[in-house]
Each structure stands twice: as structure tokens, then as C-alpha cells.
Amino acid sequence: MTLPKEPWKSDIWRARPAFLYSRRPIARYVGRPAAEFLKIEPAAGLVLVACAVIAMLWANSPWSASYDAVWGLDITLSLGDFELHHTLKDWINDGLMAVFFFVVGMEIKSEIVSGELSDPRNAVPPIAAAVGGMAAPALIYAALNTGTPGAHGWGIPMATDIAFALGVLALFGSRIPAAAKVFLLTLAIVDDLGAIAVIAVFYTDDLSMPWLAAAGALIALAILMRVLNVWSSAVYLVIGVLLWVAVLESGVHATIAGVAMGLIIAAKPLLDPAVAHAEAQELAKDGLTVAETERLVKLTRDAQPPAERLQHRNHEFSAFVVLPLFALANAGIPLSGDLFAAAAGSAVTLGIVLGLVVGKTAGITLTTWIVVKLGLGRMPGGTTWPLLVSIAAIAGIGFTVALFITELAFHSGDPTLTYEGKIGVLAASLLAAVIGGIAVHLTAPRTPREDDSDPVMEGAGEAGLGLGLLFTSDSTLE
């Protein structure tokens, strides 16, 4: 729903409208158009790509020193004798990105409980595809690098970047069946969880068992709270923060704490929606007192699944703050002609490019085909095999975790390997995005399916700060 041309004339305002709804030029020609832009489905992906480009330009500009200075800024949080000491870049990668994974975890939980993945025949294919999509790239890389100094980087091409992959898919809007988006989302999160497990086992030099035990105990406590039917958000917030600290200090990638909490949050409402609706209708029959209005608000809130409510509350922050900051902090890689020349003949670079571009597509497609043909699962609704192959190609975008593993794999070796690895990740991600995007354009339905809801991307389409919900076309409250 779009805003009326003159929202400042609505009778809802007691004295004067809020700034964003006012007739001031900056509100009319900047604020409201920006809010309307944030409602469109591909907005989050476009902002993410723009930030990645800005980071690359910044890191290769005359002001490149300021890039390293800004993201290398030391920030310390202390509580008594306990200190968390990290750079600004690390706080974004390990801290803010946990919010993104928290939202993704809740999306997966919702799909498992009441969505596409509630049927095991729908859940098995993307999970199996993720396994195939991790194994094939790792094998390709290992085949090219066995016995070389770059052999330790076999885990680099395993991971799909959720944000970029879904961002590319979102550019096609409702042409993509909702089930296909859920397939890619599930594949990407299982893929990243697998990569994080690889990091914990093979790329972590110093695991702290006491902190791991503390993290396990906190997860058990959160599960116990759910079993006891505890619904207080504050309880889970405290447990979630403590869990993040424990995972961070354990040496495991801290974002897994966000996924764990997202999967624990309830995906079914506290109240029966039908009964709550009936009670609300009864309350509103003869007008509402203040107390009855408060009761109505509680009925509305508790008749919604907490996972769904928290997704909507956190999606805008995740999509338009967390991910753009991540791209700005991580995509700025200094490039030079000599470095490109070295990377062009490097087995590390070639292994990553072939692993992500070829291995991902082949592994995901072949594994899905086997699962479907054996009758262990079925294709996502409305998805053809050509479209699934195209989506598998998009899964070759391996930006986030791939860059992270590159740093871990070669941090104690030749720095040239790190640069070659990063160039491989960037080149492969760009190729996968272009090839996959063109393939999806050619294979996706030309017109959207009218009966196809969009559970995965709807948050990006609702990111307009609620502007469209405040006014109807005649400037009255809906």
C-alpha cells in the first residue's frame, strides 16, 4: 500500500505530523521515497551489493589507509575482570552477524513447524543438496591442491553466502516460487552450519572446552525454558547474550549462537488464533475501554507465533544495517596487477573458482536428483529442473564464510596464499552471481503465480517502516 500524496493532512495528527509524514522537502523527496524503496523485495540485495562495491572502491582509492584504520579500530567491553577485546570489523563479523543468523534460524524454524519444511519430503532435498554442495567443491579443491602449500584451504569453497545468494534471487521477485526460495534458504543455512562445523574441527587452533561446555549448558537451559512454556522475551535475550559470549570465547564462530537461539524460539502461538479472534470481536462489539484496548493488543500479540513476530521486528535491522556493515567491513580487498597475475596461475585460486562455480552446481543438482529419484524427497513446488540447476549456480556465491575460512586457512603461512584465496572467492562469487542470475532469468516463470505466497522474502517487502499501514488512500486511519 502506498502513502497518499498529502499524508500531513490526515485527521489522525493531534497537532502536527511526524517529520517523515510532513510536507518538508527532505521528507517528501528523500525520506518517503527511500521508505517506499525499502518496501521492494530486492532492496536488501541491492543495498548489500552497493556496499560491497563501495568497500572495494574505498580499499583501492587514495584513501585506502583510512579503510584499514576504521575497521581495525580497537573496541573493548569490560565487566569487572572480564574483557572482550576486538576490532570494529570483528564486532561486526562475530557480533552483529549473529543477529542475521538469529533471523535466519527463526525463518527455518517457522518453515519446519508450519511451512514448506513441515513435510519431511520437502525438507530432505535441500538438506541433502547442502551436503552435496559442500562435498563436491571440497573434493575439486583438494584434487588441485593436494601436496601443495595451499592444501589446507579445502574448506574455503564449501560455504554459500546466504545474504548475497538470497539477494540475487530476490531481484526476480515473485517470478521465483516460494518453495524454491525456501529450498535455497534451507540449503544455505545447512551449508553454512556445515562450514562452521568444519571451522570448529579443522580451522580452530585453540578450542576452549570449558566455554564449549558453558555454551552447551546455556542451550540446554533455553530448551528447558521452552519445555516449561516460558514466553518472556527478556529470559531468552539474557540466555542468548550469554550464549553468544560463551560461543565466542570457546573459539567456535560466534554466529552459531544466533542460529541456535533462532531454532529454539517458538514457532507456534501461545493462544489459539481462532479463540483469540472471537474474544477480540466480543471485546470490540460495544466499544473499547483503555483496559479492553490493552487486552486486545495482548490477544493480537499472543495469537502470533513469536518466531514470526521477531522476524518482522528484526528483519529491517538485519537486512539494512547488519549486512551492509558486513559488506563494507569485509569486501574491501586491495587489488593490484601483480596480485592478479599471481592469482591467475594459482592452484588455490583455480580450486576455489572451480569449486564454487562448478562444484556447487554439480553437487547440489546431482544430490537433489538422487534424492528425488529414490523417492526420499520431492522437488520444491513450482520448480523445474532447469530452475533448480540455476538456483544451484547461485549457491556458488561464497562471500562471507569463504573469506573467513581463507583467513583461518592461511593465517600462519605465505600471505600471498591469503590474497590468492580472497581473489578466488571474489571472482567465483561474481561468476556465480552472473551465471546464476542469467540462468534464473531464462528458466524462471515469466509471470508470478497468483497462489504463491512468499514466506522467505516477505520481510524485505515490509521494510518500509510501516508507512503504508498508517494511512489509507484518503488519509484516514485504516
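Keep in mind that the numbers below use all heavy atoms, side chains included, and drop hydrogens, waters and symmetry copies. Counting begins at 1 with the first residue of the sequence. What you see is a predicted model; the values in this text were computed from it and never measured.
Asn229 and Trp231 get closest at one heavy-atom pair: OD1-NE1, 2.6 Å. Minimum interatomic distance between Gln311 and Ser110 (heavy atoms only, all atoms of both residues): NE2-OG, 3.0 Å. Among all heavy-atom pairs drawn from Asp272 and Ala274, the shortest one is OD1-N, 2.9 Å. Here the closest non-hydrogen pair linking Cys51 and Pro324 is SG-CB, 3.5 Å. Here the shortest heavy-atom pairing between Ala257 and Val247 reads CB-CG2, 4.0 Å. Scanning all heavy atoms of the two residues, the minimum distance from Ala179 to Gly381 falls at CB-N, 3.4 Å.
The shortest distance between side-chain heavy atoms of Leu84 and Glu249 falls below 4.5 Å. The shortest side-chain heavy-atom distance between Arg226 and Tyr236 falls under the 4.5 Å cut-off. Two residues are said to be in side-chain contact when any heavy atoms from C-beta on lie closer than 4.5 Å; Leu387 and Pro177 meet this criterion. Side chains of Val230 and Leu224 form no contact here, defined as non-hydrogen atoms less than 4.5 Å apart. Between Leu96 and Phe326 the shortest side-chain heavy-atom distance does not fall below 4.5 Å. By the 4.5 Å heavy-atom criterion applied to side chains, Phe183 and Met379 are not counted as neighbours. For the pair Pro380 and Leu388, the minimum side-chain heavy-atom distance is below 4.5 Å. Using a 4.5 Å heavy-atom cutoff, the side chains of Met209 and Leu212 are in contact.
Rounding to the nearest 0.5 Å places CG of Leu299 at 4.5 Å from CD of Glu279. Considering CD1 of Ile176 and OG1 of Thr443, their distance stands at 7.0 Å, rounded to 0.5 Å. Atom OG1 in Thr383 sits 5.5 Å away from atom CD1 in Ile391 (nearest 0.5 Å). Once rounded to the nearest 0.5 Å, the distance linking CZ of Phe102 with CD1 of Ile264 reads 10.0 Å. For the atom pair CZ of Arg313 and CE of Met106, the computed distance is 9.5 Å after rounding to the nearest 0.5 Å. Here the CD1-CD1 distance, from Ile405 to Ile156, works out to 7.5 Å after rounding to the nearest 0.5 Å.
Using cut-offs of 30° and 60° on the angle between ring planes, the pair His86 and Trp91 is perpendicular.
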Just do the side chain to side chain contact (heavy atoms under 4.5 Å, CB included) check on Trp71 and Leu328 with the steps written out, would you? CA-CA 9 Å; Trp71 304 114; Leu328 284 171; 3.7 Å; yes
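For Lys109 (side chain) and Ile265 (main-chain N/O), a donor-acceptor pair under 3.5 Å exists by modelled atom type. Between the side chain of Ser318 and the backbone N or O of His315 there is no donor-acceptor pair closer than 3.5 Å. Under the 3.5 Å distance criterion, the side-chain polar atoms of Ser429 are matched with a main-chain donor or acceptor of Gly398. No side-chain donor-acceptor contact under 3.5 Å links Tyr141 to the backbone of Leu356. Under a 3.5 Å cut-off, the side chain of Trp244 and the backbone N or O of Asp94 do form a donor-acceptor pair. Proximity of a side-chain donor or acceptor of Arg175 to a complementary backbone N or O of His441 within less than 3.5 Å is detected.
Partner of Val182 under the side chain to side chain contact (heavy atoms under 4.5 Å, CB included) criterion, out of Leu185, Leu184, Thr186: Thr186 alone.
Listed by first then second residue, pairs satisfying salt bridge (Lys or Arg N to Asp or Glu O under 4.0 Å) with a partner in residues 358-368 read Asp191-Lys360, not counting sequence neighbours.
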Only pairs under 3.5 Å count here: list side-chain donor-acceptor contacts from residues 367-374, not counting sequence neighbours, and write none if there are none.
residue	atom	partner	partner atom	Å
Thr367	OG1	Gly363	O	2.6
Thr368	OG1	Ile364	O	2.7

